[in-house]
Amino acid sequence: MAERKYRPGEVEGKWRQVWEDRGLFRAPDVPGPEHCYVLEMFPYPSGRLHMGHVRNYAIGDAVARFRRMRGATVLHPMGWDAFGLPAEQAAIERGLDPAEWTFGNIAQMRSQLRLLGLSYDWTREVTTCVPEYYRWEQLVFVRMQQAGLAYRRKSLVNWSEALQTVLANEQVIDGRDYKLGEPVVQRDLEQWFFRTTAYAERLLAGLDALEGKWPERVLLEQRARIGKSVGAEIAFPLEKPVAGEKAIVVFTTRPDTLFGVTFMSLAAEHPLAIEFARGTEREREVRAFVERVRGEDKRRRVAEDHVKEGVFTGARCVNPATGEHVPIFIADFVLMDYGTGAVMAVPAHDQRDFELARKYDLPIRVVIRPPDGTLDPATMEAAYAGEGVQVASGEFDGLHNTEGMRRIAEWLRTRGRGGPAVSYRLRDWCVSRQRYWGCPIPMIHCPGCGIVPVPESDLPVVLPRDVAFQAHGGSPLARHPAFPNVACPRCREPARRDLDTLDTFVESSWYFLRYLDPAWDGGIARPDRVLGWMAVDLYIGGIEHAVGHLMYARFYHMMLKDLGFLPPGTPDEPFERLLTQGMVTKETHYTLDDAGNPVWHYPEDVEDGRSRIDGRPVQVGRVEKMSKSRRNVVGLEAFVERYGADTARLFALFAAPPEKDLEWRDDGVEGCWRFLARVWRIVHEAAAAPAGGGEPVPFDELAPEWQAVTRMVHRTIRRVTHDIDARLHFNTALAAIMELTNAIAAAPPPSASEPPGAGAARREASDALLRLLSPFAPHLCDELWETLGGAGTTLEAGWPRFDPAIAAAETVTIAVQVGGKLRGQVELPAGSGEEETVAAARAEPNVARHLEGRRVVRTVFVPGRLVNFVVK
RNA sequence: GCCGGAGUGGCGGAACCGGCAGACGCGCCGGACUCAAAAUCCGGUGGGCUUUCACGCCCGUGAGGGUUCGAGUCCCUCCUCCGGCACCA
């Protein structure tokens with residue numbers, strides 16, 4: 001009988017069709033009692049799926065299929081984060097229509113995704129750039145504005161000249177934008193903000209509940225981003241009121257050092273900065289300083305070797321504790337957007353204040369005495385920021401400074417001069433973008449009424465399609481003949497629409513809710529579905545979203561609940577468990593050009609160590625993240641053509657644990673391919689076996705070699721179940737499956753004279769193997785399932801069960817140590833007691849040899865594991 | 001600077017609670033099949049010593065120290081790499 005060879009191309013398409021025809025992946029609207037929402041971060045439709053996507057979706061799909069086989073109703077959807085800059089770039093550079101470009105890419109990527117056989121419920125597909133989606137975002141925006149959670153404010157924002165738009169703080173990395181890496185400058189512009197700061201405490205508290213369920217690293221980064229500081233606010237009355245202000249308010253984490261304040265520092269951006277000097281002889285100097293600092297590059301300002309500078313404003317304020325009058329400076333290190341933009345300066349106990357005091361010869365007053373002695377202001381070389389005892393602090397002298405903090409803050413409160421306060425590093429989220437391809441902000445600017453929301457009955461504000469693009473012409477919406485002009489909904493006079501669009505991170509802050517009810521025209525999603533499915537049980541995506549998307553989505557979800565868009569009882573946190581997968585990398589190849597710069601090569605352009613392009617010798621470069629520019633990308637279609645989707649999925653899961661980086665290696669891929677081909681052969685052999693010992697017999701009556709195989713089957717089921725379910729470690733699950741495969745292959749070959757039950761045991765082993773492997777390589781497994789005569793698909797067949805009695809070892813290998821060193825092993829029946837185990841251990845020849853002439857002072861017995869004879 | 005994480009064969013990685021280090025895969029070596037190759041199958045593979053073989057012994061998880069009958073795992077010091085934050089008052 002001619003054995004069929006494993007050709008994925010011949011089976012994969014067939015099974016995808018079967019799955020689709022049977023609707024196997026369709027999720028019910030309201031879930032069953034056992035349910036699971038598995039979600040992978042949806043992609044931007046760039047047009048090409050890369051191996052990073054493959055890995056992400058292979059992980060999610062393995063879990064989704066596994067949970068389905070275990071009997072859960074599973075929601076596993078996919079969609080498109082379809083607004084964004086590349087579409088607009090294509091329009092500007094190549095004259096394409098952003099919508100057409102986007103939808104074309106979506107079609108292309110959808111077919112690539114289908115090629116992988118991922119178990120998505122495609123009836124729930126969501127695309128963010130259609131009005132049916134973003135209309136709800138506009139409604140939410142209007143309600144947010146009415147609730148004061150969305151507001152417009154003029155402030156310093158990050159402006160990218162290259163991208164021609166403002167950016168959120170999370171989108172600026174080291175002073176450069178997150179897309180192109182071009183410089184970002186600070187500009188004073190009026191923009192829309194979401195009041196994320198109102199949720200700082202809740203966002204922080206929520207992280208505690210995610211402990212153990214989210215990667216520690218993400219929790220740490222979010223905590224750092226929120227940056228909670230506990231301290232006090234203190235009002236310093238001005239000698240002379242300025243611009244209507246009678247006091248300067250500072251935030252400090254060190255109220256205990258209040259008696260050591262010898263001057264005051266304001267940010268250059270502080271509204272009163274220039275006011276103090278206005279009309280005095282200092283005005284010119286102060287103005288010059290303020291303007292210089294404001295214009296300075298932010299990165300230079302924080303550079304290592306930057307020398308702190310300041311300027312005296314000429315004004316003074318009063319220390320509420322000492323009554324002392326201290327000078328007010330403007331200092332270049334004070335940030336306007338943290339605290340109040342004003343800092344009380346305590347040179348003895350803060351390094352920055354110390355440096356400024358030394359430079360401008362300002363007094364230094366010690367008010368905290370360190371445990372190991374005293375400080376001399378005249379000779380100290382650095383500020384002392386540690387703990388100690390209050391000195392020169394009036395009635396607080398002698399207190400430990402941690403107590404001093406509390407008491408002084410309280411003392412201020414009772415006198416109406418401030419009191420305990422908390423400050424956060426988190427800023428409000430700047431959401432307006434001066435770009436076309438995004439969700440229009442549903443607001444109207446009326447000369448008479450000011451900012452007026454678009455009436456809810458007029459929503460959605462549809463993004464016009466008939467626009468013209470220019471490279472540097474600002475938003476095309478402004479040039480649209482009709483779009484900007486609108487009658488004010490309040491006074492009916494001519495008014496102008498807001499021409500900005502929303503940050504695309506707003507769309508991705510709630511798409512997981514829309515999957516629950518993608519076509520509903522009554523809101524985001526019906527309450528029973530939200531209550532049924534939320535929260536997402538497992539969310540999988542890249543670590544790069546640790547503080548951006550993952551923080552925005554948490555905020556937005558909490559806020560939607562507060563505004564009544566989600567029913568009471570919805571969990572506060574949208575993502576119950578988070579898996580951040582590592583990057584997919586590959587080695588690079590390059591030649592050096594005349595200037596010594598690397599010229600990156602595709603592997604297929606390398607022949608016998610030389611480049612086919614420039615003929616130069618090719619060198620192997622570093623292993624780097626797959627990218628077009630490095631030419632180390634593995635193309636999906638060609639790969640699937642050659643190896644099939646199952647091999648791609650298998651490799652993505654086997655080569656590394658999911659949270660680590662994964663190096664794509666051709667020989668590793670070959671290994672996965674060989675494994676699948678081996679499974680194919682083994683199962684075909686089992687299927688073609690003559691019916692010798694075909695009928696099943698009880699385990700106890702099986703021949704020993706088949707008992708061993710059967711025991712292996714049950715243990716493997718236990719191991720794989722645990723590895724997927726509890727640990728999400730697919731690499732070890734697959735290693736266990738490979739071991740089972742090896743055991744099956746090593747079992748006696750089929751013959752007509754097999755012992756009773758052998759054929760059935762062989763079949764049982766193949767049956768289990770296919771079911772265990774099917775979340776990882778579903779096409780192959782379903783084909784072989786059919787070969788074995790199974791009904792339907794592995795998914796419908798369900799996850800195999802193990803019998804703990806069979807999985808339990810009949811014998812165990814006990815390690816025997818003498819003095820902590822391994823000296824032998826003994827085989828004993830499982831569950832043997834201490835007495836018999838120790839006796840057997842002593843009897844082991846090599847052990848006996850090592851015990852000879854020595855006195856055993858103690859015997860350590862670990863049941864089922866080891867015996868250690870402690871000798872003298 | 002501060003806060004994390006990680007260092008295990010030639011390589012990716014395993015060892016879940018302190019109990020046989022190196023599972024599984026790659027690579028490599030040897031063999032079978034073949035006219036030959038590919039494919040496949042079988043065996044070996046941390047280093048060293050000993051030995052005809054089998055066995056046996058020593059060393060070994062970045063370095064050094066400690067706790068323990070026993071440490072890749074816990075503690076201390078240090079080195080290296082990676083990540084985050086970085087004038088946050």
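Numbered from 1 within each chain, the chains take letters A, B, ... in sequence-line order. From a predicted model like this one, the values you see are computed outputs, not experimental measurements.
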Distance-only side-chain donor-acceptor flag, [X] / [Y], under 3.5 Å:
X	Y	result
A/Glu827	A/Thr811	yes
A/Asn742	A/Arg678	yes
A/Thr585	A/Asp661	no

- Item | Check: A/Asn632 and A/Glu587 side chains under 4.5 Å, non-hydrogen atoms |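 Of all side-chain heavy-atom pairs linking A/Asn632 with A/Glu587, none is under 4.5 Å.
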
- Taking side chain as C-beta onward, heavy atoms only, is A/Ile59 less than 4.5 Å from A/Gln581? yes

- So, are A/Asp350 and A/Arg254 salt-bridged, with charged N and O less than 4.0 Å apart? no

- Message: So that I can tick it off, tell me whether A/Arg715 and A/Glu739 are bridged by a salt bridge, with the cut-off set at under 4.0 angstrom between side-chain N and carboxylate O.
- Response: no

Without decimals, in angstroms, what is the distance between [X] [atom1] and [N] [atom2]?
X	N	atom1	atom2	result
A/Arg865	B/C17	CZ	P	11 Å
A/Phe675	B/C41	CZ	P	12 Å
A/Leu822	B/C20	CG	C1'	5 Å
A/Met712	B/C24	CE	P	9 Å
A/Glu269	B/C87	CD	P	14 Å
A/Asp723	B/A23	CG	P	16 Å
A/Lys228	B/A89	NZ	P	14 Å
A/His545	B/G84	NE2	P	14 Å

Starting the side chain at C-beta, find the nucleotide from [options] nearest to [X].
X	options	result
A/Arg681	B/G56, B/C41, B/C88	B/C41
A/Arg427	B/G56, B/C88, B/A89	B/C88
A/Phe251	B/C59, B/G19, B/A89	B/A89
A/Arg425	B/C88, B/A89, B/G19	B/C88
A/Arg225	B/C57, B/C85, B/A14	B/C85
A/Arg727	B/A15, B/C57, B/G4	B/A15
A/Arg674	B/G19, B/C88, B/C26	B/C26
A/Thr813	B/C20, B/G27, B/G19	B/C20
A/Arg217	B/C24, B/C41, B/G84	B/G84
A/Arg823	B/A89, B/C57, B/G19	B/C57

With a 4.0 Å cutoff (strictly under), does any side-chain N or O of [X] reach OP1 or OP2 of [N]?
X	N	value
A/Lys821	B/G70	no
A/Arg352	B/C88	yes
A/His850	B/G56	no
A/Tyr338	B/A89	yes
A/Arg223	B/G84	no
A/Arg665	B/C11	no

- Is A/Arg554 reaching over with its side chain to a backbone N or O of A/Leu203, donor-acceptor style, under 3.5 angstrom? yes

Sticking with atom [atom1], work out how far [N] lies from [M], rounded to a whole angstrom.
N	M	atom1	answer
B/C57	B/G66	P	26 Å
B/C3	B/A86	C1'	11 Å
B/A32	B/A39	C1'	14 Å
B/C58	B/C26	C1'	30 Å
B/U51	B/C42	C1'	27 Å
B/G7	B/C55	P	33 Å
B/A37	B/G19	P	49 Å
B/C76	B/G27	C1'	40 Å

- For RNA chain B, whose closest nucleotide is more 5', that of A/Arg858 or that of A/Ser229? A/Arg858

- Report the residue (A/Glu844 or A/Asn868) whose heavy-atom-nearest nucleotide on RNA chain B is the more 5′ of the two. A/Glu844

- Message: Return the OH to CG distance between A/Tyr552 and A/Leu550, rounded to the nearest 0.5 Å.
- Response: 11.5 Å

Indicate, with a heavy-atom threshold strictly under 4.0 Å, whether [X] touches base, sugar-phosphate, or nothing.
X	answer
A/Leu220	sugar-phosphate
A/Gly227	nothing
A/Lys308	base
A/Ala224	nothing
A/Glu221	sugar-phosphate

- What class does the angle between the rings of A/His545 and A/His549 fall in, given that below 30° is parallel, 30 to 60° is tilted and above 60° is perpendicular?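 Correct class here is perpendicular.
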
- Message: If you take any heavy atom closer than 4.0 Å to RNA chain B, which residues from residues 730-743 of chain A end up in contact?
- Response: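 Contacts with RNA chain B under 4.0 Å: A/Asn731, A/Thr732, A/Ala735, A/Met738, A/Glu739, A/Asn742.
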
- Message: Are there over 12 heavy-atom neighbours, none belonging to A/Arg358, within less than 6.0 Å of that residue's CZ?
- Response: yes

- Within a reach of under 6.0 Å around CD of A/Glu852, are more than 12 heavy atoms found that belong to other residues, nucleotides or ligands? no

- Message: Does B/C29 count as syn, meaning its glycosidic angle lies within 90° of 0, or as anti?
- Response: anti

- For B/G27, is chi within 90° of 0 (syn) or not (anti)? anti

- Message: One pair to check against side-chain contact (heavy atoms from CB on, under 4.5 Å): A/Val334 and A/His270. What are the steps and the verdict?
- Response: CA-CA 9 Å; A/Val334 180; A/His270 197 284; over 6 Å; no

- Structure string for RNA chain B in dot-bracket form, Watson-Crick and G-U at under 3.5 Å, | interchain: (((((((..(((......[....)))((((((.......))))))((((......))))..(((((..]....))))))))))))....

- Message: Using the ring centroid of each side chain, check whether A/Phe651 and A/Trp673 are separated by less than 6.0 Å.
- Response: no

